[in-house]
Amino acid sequence: MMVTNLPLVSVLMPIYKEPKEQIKSSVESILNQSYKNIELVVIIDDPNNINAINYLRDTSKKDLRVNVKINSRNLGITSSLNRAIGFAKGELIARMDADDISKRDRIYLELQFMKKNKLDLVASNVQSMSQNGKILDGKVTNYPSKDIYIKQYLRYYNCLPHPTWLGKRELFIKLNGYRNIPTCEDYDFLLRGAGYHYKYGLVREPLLYYRENQSSISKSNIELQRLISDFIRKKYIYEKNYTVTSVNKYIDEVLKRSSLKEKLIYNALQGRLLFDRIKGKFFRSLILKKENVKK
């Protein structure tokens, strides 16, 4: 594939403590894309991950498309991604996680889909794989493809897998990158973009193998993620705007619950959230059926 006249795609990859073997598979899946006009912007968020640093420095010497930056200390994924956006040179920005694997035509197919449908950001479905890289048959996401149904779905749940994003640079600049919303920086980004009427789309074919890493997120963090997700989506639905301060205040209130009364209130809240999630699951299935009928 000729590079001439093709837009440069900057692929952002934050790395923390992922093992070298997984990083290598992820990096190679990007460098071996059929779409060649890319740069890989790597932000290493653990300056003590020597194996990753040595591997990526060697790789950057062999392939000039690789740009490696090392944080002097752990900044977290949000700040690391915003640093990467600052270094990115492409008019298009893509995402990639250090433990996942992109299919060879991922960038090419997403770009074609974006152009055809005049979108601002596109993603794809993903297929799960085990921690040791075994493809898990039948574990494939099923999200809506068209902007109108994606926007409806976002009122209940995030439906654009973050590691598969490919978006216009202007979108990332307009939103001033990611905000520091713990565990939900991608959902927050999409809700804000929807508020500005940016157009989203999704390639139905799974273009990325998503590694299920049980040790990466604790059970308590998963629950916190759900609480924050429910909070910001309701804020978006009813207020169309919310601040990082309001989210952090909510998190502090949740984490400070210690008395019996507070625990009872929290458990009641959990019951309402469970009801909301069941209701949300029902409406998400209706949205998918509606889109399939109108194909």
Side-chain angles (χ1 to χ4, degrees), residues 8-90 92-108 110 123-124 126-136 139 161-166 177-178 183 185-186 206-218 221:
L8 176 64
V9 177
S10 297
V11 183
L12 315 183
M13 180 187 291
I15 293 176
Y16 185 43
K17 292 186 180 295
E18 292 85 357
K20 175 187 169 183
E21 295 73 21
Q22 292 182 7
I23 295 171
K24 187 173 184 292
S25 296
S26 181
V27 168
E28 289 179 350
S29 75
I30 293 299
L31 298 181
N32 293 328
Q33 287 287 301
S34 58
Y35 187 91
K36 298 301 183 184
N37 196 20
I38 63 174
E39 66 165 349
L40 178 59
V41 183
V42 178
I43 303 291
I44 301 177
D45 197 29
D46 178 11
N48 296 316
N49 193 343
I50 302 303
N51 287 335
I53 292 172
N54 290 338
Y55 162 68
L56 287 159
R57 279 177 172 166
D58 289 342
T59 302
S60 65
K61 292 175 183 177
K62 299 173 185 175
D63 194 323
L64 298 180
R65 296 178 299 168
V66 180
N67 183 6
V68 182
K69 302 295 181 182
I70 305 170
N71 293 341
S72 59
R73 59 185 176 84
N74 174 228
L75 299 178
I77 187 170
T78 301
S79 295
S80 295
L81 284 172
N82 286 335
R83 280 199 78 203
I85 292 170
F87 291 118
K89 300 174 184 176
L92 297 170
I93 292 177
R95 272 284 285 116
M96 183 65 188
D97 282 343
D99 55 353
D100 297 331
I101 298 175
S102 286
K103 291 186 178 181
R104 188 171 184 272
D105 290 328
R106 175 198 149 189
I107 300 296
Y108 173 75
E110 287 179 347
S124 81
V126 302
Q127 179 160 15
S128 292
M129 62 179 174
S130 67
Q131 194 165 352
N132 63 12
K134 180 182 178 182
I135 306 302
L136 302 177
K139 296 203 71 174
H162 197 193
T164 70
W165 287 9
L166 173 68
Y178 295 86
T183 74
E185 71 284 339
D186 53 336
L207 299 177
L208 178 135
Y209 295 113
Y210 175 81
R211 195 180 303 271
E212 293 190 350
N213 190 342
Q214 296 298 325
S215 63
S216 62
I217 302 180
S218 68
N221 280 343

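Bear in mind the structure is a predicted one, so any value in this text is a computation, not a measurement.
Counting only distance, with no hydrogens or angles, the side chain of Asp97 and the backbone of Asp99 share no donor-acceptor pair below 3.5 Å. In this structure, the side chain of Ser10 does not engage the main chain of Ile85 through any donor-acceptor pair within 3.5 Å. Distance alone, capped at 3.5 Å, places no donor-acceptor pair between the Asp105 side chain and the Ser34 backbone. With hydrogens and angles ignored, the 3.5 Å screen pairs a side-chain donor or acceptor of Thr164 with a backbone N or O of Ser124. In this structure a side-chain-to-backbone donor-acceptor pair under 3.5 Å is present from Gln33 to Lys103. Without hydrogens or angle criteria, Arg211 side chain to Met129 main chain gives no donor-acceptor distance under 3.5 Å. Between the side chain of Glu185 and the backbone N or O of Ile77 there is no donor-acceptor pair closer than 3.5 Å. Arg57 contributes no side-chain N or O that, together with a main-chain N or O of Val68, makes up a donor-acceptor pair within less than 3.5 Å. Judged by distance alone, the side chain of Ser26 and the main-chain N or O of Gln22 form no donor-acceptor pair under 3.5 Å. In this structure, Asp63 contributes its side chain and Thr59 its backbone to no donor-acceptor pair below 3.5 Å.
Across every non-hydrogen atom of Met96 and Asp100, the tightest pair is CE-O, 3.1 Å. The shortest heavy-atom contact between Tyr16 and Asp46 is O-CB, 3.4 Å. Looking at every heavy atom in both residues, Leu12 comes nearest to Pro14 through O-CD, 3.8 Å. Across all their heavy atoms, Ala94 and Arg106 have their closest contact at CB-NH2, 4.1 Å. Considering all non-hydrogen atoms of both residues, Arg73 and Asp45 come closest at O-OD1, 3.6 Å. The shortest non-hydrogen separation linking Glu39 to Lys89 is OE2-N, 2.6 Å.
Atom CG in Asp186 sits 9.5 Å away from atom CG in Leu81 (nearest 0.5 Å). Note that OG of Ser29 and CD1 of Ile101 are 6.5 Å apart. Values are rounded to the nearest 0.5 Å. The line from OH of Tyr209 to OG of Ser128 is 11.5 Å long, rounded to the nearest 0.5 Å. Note that CD of Glu18 is 10.5 Å distant from CD1 of Ile44, once rounded to the nearest 0.5 Å. Here CD1 of Ile53 is found 12.0 Å from CG of Asp58. Values are rounded to the nearest 0.5 Å. Distance check: Met13 CE to Leu40 CG gives 5.0 Å after rounding to the nearest 0.5 Å.
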Evaluation steps, side chain to side chain contact (heavy atoms under 4.5 Å, CB included), between Ile107 and Leu92: CA-CA 11 Å; Ile107 300 296; Leu92 297 170; over 6 Å; no
From CA spacing to verdict: side chain to side chain contact (heavy atoms under 4.5 Å, CB included), Ile43, Lys69: CA-CA 5 Å; Ile43 303 291; Lys69 302 295 181 182; 3.6 Å; yes
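Using cut-offs of 30° and 60° for the angle between ring planes, the His162 and Tyr178 rings count as tilted.
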